[in-house]
Amino acid sequence: MALPKPVKRQAIHSRKIECTGYLREDDLWDIEARLFDFKHYPFETIERGTLKEGDAVHLMDLRVTLDDSMTIRDIYAEMQAAPFELCRKVPPRFERLIGVSIGSGWIAQVKQLLEGTDGCTHLIEMLKVVATTGYQTIHPYRIKNTQGPKIIHPSIIDKCQGFASAGEVVQKHFPEFADKS
């Protein structure tokens with residue numbers, strides 16, 4: 001790690017999120033994510049008893065099938081480990097997202113469809129990672145043979161310093177998106 005050396009410390013909690021994008025044989029895209037939470041000590045739970053160090057507090061999988069326009073064509077969520085048995089009622093509700101397009105403001109739409117106790121904080125967090133992985137999977141792959149490394153999507157303009165419309169990268173490499181003022 002490139003971080004400065006820390007003071008002496010003890011690991012308490014870990015969260016791992018892994019996400020991979022796949023091109024399907026039917027030309028759709030599967031974006032799969034897994035979230036794994038665990039404690040570095042024995043952890044007492046209300047329903048599951050005491051979990052051993054490293055046992056999953058949360059172990060959740062999500063597969064989102066997208067088309068090239070980033071519209072959700074199918075979705076499947078599963079909870080292999082959750083704090084409460086009733087949490088397992090939530091995954092089928094994620095089918096409400098079929099037809100929703102990933103883009104500006106889409107998380108607000110997700111929250112509206114899976115509001116409060118209809119949803120799951122962790123699965124909704126995973127959707128944010130799925131969205132980023134979807135963008136990083138689909139657009140660059142589709143244009144790799146026509147545009148090479150000059151990859152940009154208008155949605156990234158002014159969302160970070162590297163793609164500031166008034167910045168040097170956009171001015172030099174993507175003048176069509178440059179701030180002209």
Side-chain angles (χ1 to χ4, degrees), residues 1 13-39 54-147 149-164 174 177:
M1 229 182 239
H13 178 85
S14 289
R15 167 168 287 180
K16 297 179 180 187
I17 299 176
E18 185 176 336
C19 199
T20 303
Y22 300 92
L23 175 59
R24 296 165 33 138
E25 66 181 16
D26 61 1
D27 251 8
L28 293 175
W29 305 89
D30 279 340
I31 311 299
E32 291 187 357
R34 170 170 274 192
L35 179 143
F36 175 42
D37 275 337
F38 63 94
K39 304 292 186 196
D55 283 352
V57 176
H58 297 101
L59 181 55
M60 301 176 177
D61 294 298
L62 189 59
R63 177 185 297 138
V64 179
T65 302
L66 301 170
D67 61 23
D68 282 352
S69 69
M70 299 287 289
T71 299
I72 298 173
R73 301 283 296 275
D74 200 6
I75 190 165
Y76 179 78
E78 182 177 344
M79 293 184 180
Q80 295 179 45
F84 307 105
E85 188 58 36
L86 65 88
C87 294
R88 296 177 194 278
K89 293 180 180 182
V90 173
R93 297 178 191 146
F94 272 66
E95 291 178 6
R96 296 175 189 171
L97 300 178
I98 294 172
V100 172
S101 291
I102 295 174
S104 181
W106 88 285
I107 287 295
Q109 190 174 1
V110 166
K111 288 180 179 178
Q112 184 179 25
L113 291 168
L114 295 165
E115 197 169 27
T117 58
D118 267 1
C120 169
T121 302
H122 306 297
L123 288 172
I124 291 171
E125 284 179 33
M126 291 170 69
L127 285 171
K128 296 172 186 176
V129 177
V130 164
T132 302
T133 303
Y135 277 115
Q136 301 250 347
T137 299
I138 297 169
H139 186 65
Y141 188 81
R142 288 294 189 215
I143 68 169
K144 69 182 174 51
N145 294 326
T146 58
Q147 295 181 32
K150 285 191 83 171
I151 298 169
I152 193 167
H153 191 277
S155 65
I156 194 69
I157 299 298
D158 289 328
K159 297 293 193 274
C160 72
Q161 183 174 345
F163 287 112
F174 306 102
F177 299 110

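The first residue of the sequence shown is numbered 1, and numbering continues consecutively from there.
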Participant: Side chain to side chain contact (heavy atoms under 4.5 Å, CB included), that's the test. Do F94 and V64 meet it? Break it down for me.
Facilitator: CA-CA 10 Å; F94 272 66; V64 179; over 6 Å; no
Participant: Applying the side-chain contact (heavy atoms from CB on, under 4.5 Å) test to T65, which of I75, I72, D30 qualifies?
Facilitator: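 Answer to the side-chain contact (heavy atoms from CB on, under 4.5 Å) test with T65 among I75, I72, D30: D30.
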Participant: Closest heavy-atom contact between W106 and A131?
Facilitator: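 Looks like CZ2-CB, 3.7 Å.
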Participant: Let me confirm one number: the CZ-CG distance from F177 to D158, rounded to the nearest 0.5 Å.
Facilitator: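 Going from CZ on F177 over to CG on D158, the span is 11.5 Å.
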Participant: Measuring from D74:CG to L97:CG, what's the distance to the nearest 0.5 Å?
Facilitator: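 D74 atom CG to L97 atom CG measures 11.0 Å (nearest 0.5 Å).
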Participant: Return the CZ to CD1 distance between R63 and I31, rounded to the nearest 0.5 Å.
Facilitator: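 Reported to 0.5 Å precision, the distance equals 11.0 Å.
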Participant: Restricting to side chain to side chain donor-acceptor pair (under 3.5 Å), what partner residues turn up for D55, sequence neighbours left out?
Facilitator: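 Per chain and number, D55 pairs via side chain to side chain donor-acceptor pair (under 3.5 Å) with no residue.
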Participant: Please check if the number of heavy atoms outside E78 that lie under 6.0 Å from its CD is greater than 12.
Facilitator: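 Buried by this count: over 12 neighbours within 6.0 Å.
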Participant: Nearest 0.5 Å, what's the SG-CE distance between C120 and M126?
Facilitator: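 Those atoms lie 9.0 Å apart.
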Participant: Tell me which one of H58, R34, M60 satisfies side-chain contact (heavy atoms from CB on, under 4.5 Å) with Q80.
Facilitator: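 The option that passes is R34.
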Participant: What's the shortest heavy-atom distance between P83 and C87, and which atoms?
Facilitator: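 Closest pair (atom of P83, atom of C87, distance): CD-SG, 4.2 Å.
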Participant: Any non-hydrogen side-chain atom of T133 less than 4.5 Å from a side-chain atom of E18?
Facilitator: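 Heavy-atom side-chain distance check fails, nothing below 4.5 Å.
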Participant: Any idea which heavy atoms bring A33 and V130 closest together, and the distance?
Facilitator: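 Smallest interatomic distance, heavy atoms only, reads CB-CG2, 3.8 Å.
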Participant: So, for G134 and L66, which heavy atoms are closest and what is the spacing to 0.1 Å?
Facilitator: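 Minimum heavy-atom separation between G134 and L66: CA-CD1, 4.4 Å.
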Participant: Go through H13 and D37 one step at a time and tell me if the side chain to side chain contact (heavy atoms under 4.5 Å, CB included) criterion holds.
Facilitator: CA-CA 7 Å; H13 178 85; D37 275 337; 3.3 Å; yes
Participant: Angle between ring planes, W29 versus Y141, binned at 30° and 60°: parallel, tilted or perpendicular?
Facilitator: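 Ring orientation, 0 to 90° scale: perpendicular.
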Participant: Could you work out, with side-chain contact (heavy atoms from CB on, under 4.5 Å) as the rule, every residue matching D67, not counting sequence neighbours?
Facilitator: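 D67: side-chain contact (heavy atoms from CB on, under 4.5 Å) contacts with L28, S69, T71, R73.
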Participant: Rounded to the nearest 0.5 Å, what separates atom CD1 in I138 from atom CD1 in I143?
Facilitator: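 The CD1 atom of I138 sits 12.5 Å away from the CD1 atom of I143.
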Participant: Say you draw a straight line from CG of L114 to CD1 of I124; how long is it, rounded to the nearest 0.5 Å?
Facilitator: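 The CG atom of L114 sits 5.5 Å away from the CD1 atom of I124.
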Participant: Does any N or O in the side chain of R93 come within less than 3.5 Å of the main-chain N or O of G119, such that one atom is a donor and the other an acceptor?
Facilitator: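 No; zero donor-acceptor contacts below 3.5 Å.
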Participant: I need the full list of salt bridge (Lys or Arg N to Asp or Glu O under 4.0 Å) pairs touching residues 121-132, with sequence neighbours left out, sorted by first then second residue.
Facilitator: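 Sorted pair list: R15-E125.
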Participant: Just by distance, do the side chain of Y22 and the backbone of E32 share a donor-acceptor pair under 3.5 Å?
Facilitator: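 Not at all, since once roles are kept as given, no pair shorter than 3.5 Å links the two residues.
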